[in-house]
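Worksheet: the structure to be examined is printed underneath.
Each ligand, and each atom within it, is numbered from 1 in the order the structure gives.
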Amino acid sequence: MTQAAEILVLTAHPDDSEFGAAGSVARWADEGLQVVYAICTNGEKGTSDRTLQPEQLAVIRRREQQAAAAVLKVREVVFLGYPDQELEDTPELRKQVVRLIRTYRPKTLVTSDPYRRYLWHRDHRIIGQVAMDAVFPYARDHLAYPDLLAEGLEPHKVSEILFWAADDINYRIDITDTFERKVEALRCHASQLKGFRSSDPVGWLKERSREMAAGENYGLAEGFHRVELPQ
Ligand SMILES: [Zn+2]
């Protein structure tokens, strides 16, 4: 199947994956793996600039996400077009995610951790949860969504889910060689970096990546909670 990709990255907003997984994405692409991004919302509420209309911001953020994906050699970016801050755990969204999984048939699905405690963007919590349910059991079972089966979208077993922004990190990826590209990809999201919490985002990111690699024999890491799925 020509559409197949080893890695499917599912995010609530443009820029989530660059913060959470861009170093790993660049690494996978370097290793020759196919990576596909699916971005659920337009991110059109992500600004404190009162002169900017949401429709304008949606266009800007789509462009920024495409530029970041190009830096990381992501093969394809799919935009689902949901309104920002309005992601819900609906049968419709779950089915769309199952459709993506059955279309791209990834070994690894990467998304945000739904179980991060306390302060967490609702959209991040929702998409992590929907992704997990879609992987298991909906994408796996042929009797779930007979209409997708009739379209030729066969069931698919994802091997692992990697959740970024996890409280409970049990898996680290060495991003020493791809850290610069992560920074370059993050810089593509210029509309988001303006209001960033630190005046030195690269320094902040490097420090966090260093902390994440503590105890490893490499310098910089991205950390995930990894869930292996029964095959
Ligand atoms: Zn986000």
Which N/O/S atom belongs to [X] and is the closest one to the Zn ion (ligand 1)?
X: D16; value: OD1
X: H124; value: NE2
X: H13; value: ND1

Geometric class of the Y171/F224 ring pair [parallel <30°, tilted 30-60°, perpendicular >60°]: tilted

Donor on one side chain, acceptor on other, E76 and Q34, under 3.5 Å: no

Sequence neighbours excluded, every pair satisfying side-chain hydrogen bond (donor to acceptor under 3.5 Å, both in side chains) that has a member inside residues 112-122: E88-R122

Remaining members of the apolar cluster that contains I60, side-chain heavy atoms under 4.5 Å: L52, L57

